[in-house]
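Notes follow the structure.
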Amino acid sequence: MSLYDKYYKEVNYFGNPYPELIKYMKQLPKGTLIDLGAGQGRDSVPLSRMGFLVTSVDTSLVGLEQIKLEEPKIKILHKSFNDINVKEFYAI
């Protein structure tokens, strides 16, 4: 059980995505990206809906399950970001 599992029982615990991130990402060409420490998908979900191919990584299975329910096309990885070699797979 992840430390955050108890917090993520409350839907949308951390709120909305960062407006600055969304504004910045609108300027970039769509591609594949990874969200390390994705939590409940505050950033993963809107970025996926903008056309990015998103992989969400988190140690909280509760948060990842919420992501999958909200945006099924997001790939989820239930592991620590320390176990991911991002340079091999992702441009962003």
Next on the checklist: Checking Lys79 now: which residues fulfil side chain to side chain contact (heavy atoms under 4.5 Å, CB included) with it, not counting sequence neighbours?
Outcome noted: Val57, Leu77, Asp83, Ile84

Next on the checklist: Please check this pair: side chain of Gln40 against backbone of Tyr13, looking for a donor-acceptor N/O pair closer than 3.5 Å.
Outcome noted: yes

Checklist entry - Between CD1 of Ile67 and OG of Ser56, what distance do you get to the nearest 0.5 Å? => result 4.0 Å

Checklist entry - Atom NZ of Lys75 and atom CG of Leu64: how far apart are they, to the nearest 0.5 Å? => result 12.5 Å

Please set out all donor-acceptor pairs under 3.5 angstrom arising from side-chain atoms of residues 18-25, sequence neighbours excluded.
residue, atom, partner, partner atom, Å
Tyr18, OH, Arg42, NH2, 3.3

Checklist entry - Can you tell if the side chain of Leu47 reaches within under 4.5 Å of the side chain of Asp35, non-hydrogen atoms only? => result no

Checklist entry - Say you draw a straight line from CE of Met50 to NZ of Lys26; how long is it, rounded to the nearest 0.5 Å? => result 6.0 Å

Next on the checklist: With a 6.0 Å cut-off (strictly less than), is the heavy-atom count around NZ of Lys6, excluding the residue itself, greater than 12?
Outcome noted: no

Next on the checklist: Nearest 0.5 angstrom please: Leu3 CG to Thr59 OG1, how far?
Outcome noted: 8.0 Å

Checklist entry - Could you state the interatomic distance from CG (Leu33) to OG (Ser44), rounded to the nearest 0.5 Å? => result 7.5 Å

Next on the checklist: Which residues pass the side chain to side chain contact (heavy atoms under 4.5 Å, CB included) test with Leu61, not counting sequence neighbours?
Outcome noted: Glu65, His78

Item to check | Enclosure of Tyr7 OH (heavy-atom neighbours >12, cutoff 6.0 Å) | outcome: no

Checklist entry - Minimum heavy-atom separation for Asp58 to Gly39, with atom names? => result OD2-N, 2.7 Å

Checklist outcome for this item: Applying side chain to side chain contact (heavy atoms under 4.5 Å, CB included) to Asp5 and not counting sequence neighbours gives Met1, Ser2, Ser60, Val62

Checklist outcome for this item: The ring-ring contact (aromatic ring centres under 6.0 Å, His included) partners of Tyr8 (sequence neighbours excluded) come to Tyr4

Next on the checklist: Which residues pass the side chain to side chain contact (heavy atoms under 4.5 Å, CB included) test with Lys73, not counting sequence neighbours?
Outcome noted: Ser48, Glu71

